[in-house]
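Read through the structure below, which is laid out as structure tokens, and then see the notes.
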Protein chains: 2
Amino acid sequence: MAVSPAVSPVADAATSKYDIGESMCPYRLVLEHVTSRWGVLVLIELLERPYRFSELRRTIGRVSEKMLTQTLQTLERDGLVHRDAKPVIPPRVDYSLTDLGREAAEQVRGLALWTSERMGDVEKAREAYDARKADSRG
Amino acid sequence: MAVSPAVSPVADAATSKYDIGESMCPYRLVLEHVTSRWGVLVLIELLERPYRFSELRRTIGRVSEKMLTQTLQTLERDGLVHRDAKPVIPPRVDYSLTDLGREAAEQVRGLALWTSERMGDVEKAREAYDARKADSRG
DNA sequence: CGGTATCCCTTTTGATACTG
DNA sequence: CAGTATCAAAAGGGATACCG
């Protein structure tokens, strides 16, 4: 790749008509990083303890190498995750939360915890909603 | 549309090779709804007060009608948002949080608040990261 | 092992036009 | 006003191959 993206490690798209990405308030961007599909899970797992790359991959499950790499790099760039690459063979890289990352992860965990606690209520609401819909359609 | 989607108000894609969507644990789904790009913003705004559809649209800014509709319907189905459609002409629809939605919104607001407070630290981390990268590339 | 580079399909999002 | 329908663009995400 010629020019440094410097924005996010998304490698593919070389062309983008307009870069909404960085032009939106930067605060929204961080929020999207920590609430991203894999960001949420990575932060919560790392709250438990440090993890190696493939250990994290196994724990989260069904995440591709590419997405995990991308997620970790984004979080590292935001200063939430610390990457510790040991110069050994075979390579060993440990990921852990920074102090900043721990704060973020705790917020995220709060949300995740609330979700699992209230899951039952949500499912009941969904059933009621679907029943109302089915009813109104005859 | 022939068959009822009943899953999510995503209208377009009639075909999907495999439905990962609903096969993942339902808890993850709720989490994705409340942390979704527009879900976060809708919940936070509604925490302030009830809003009408287009009022919400203007307040959030740069959200398409389609996405706002979709987001609101998803949150309504999950029992987080209450939709009050008055049978008047022109139509008037007010959206507000349910008790469950208020709890969710408070969690989300906590995260958003943290993000805006720590934004400075994140930006410093990014600069440091980019500098390290630029440096290591010569 | 821990990545990076590509290719290509899927899902999401937005613009636009239209309806009750 | 508050949506729905449709289409095209963009982003997300996975499979594979390869490198240090």
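Side chains included, hydrogens not; waters and symmetry mates left out as well; all remaining heavy atoms used. Letters A, B, ... mirror the listed sequences (proteins, then strands); counts begin at 1. All values derive from a computational prediction rather than experimental measurement.
The side chain of A:F53 lies closest to C:dG3, out of C:dC1, C:dG3, C:dG20. Here the side chain of B:S54 is nearest to one of D:dG3, C:dG14, D:dC1, namely D:dC1. The side chain of B:P90 has D:dC1 as its nearest neighbour among C:dG2, D:dC1, D:dG14. The side chain of A:R52 has C:dG2 as its nearest neighbour among C:dG2, C:dT13, D:dG3. Considering only the side chain of A:S64, D:dG14 comes nearest among D:dC7, D:dG14, D:dA2. Nearest to the side chain of B:T69, among D:dG13, D:dT4, C:dT13, sits D:dT4. With D:dG14, D:dG3, C:dT4 as the choices, the nucleotide that has an atom nearest any side-chain atom of A:Q73 turns out to be C:dT4.
Between A:L68 atom CG and C:dT4 atom C1' the separation is 14 Å, expressed in whole Å. Distance, A:E65 CD to D:dT16 C1': 10 Å, rounded to whole Å. A:L56 places its CG atom 10 Å from the P atom of C:dG2, with the value rounded to the nearest Å.
As judged by a 4.0 angstrom heavy-atom cut-off over every strand, A:R83 is placed among residues touching the sugar-phosphate backbone only.
The nearest pair of heavy atoms linking A:W38 to B:R28 is CZ3-NH2, 3.8 Å.
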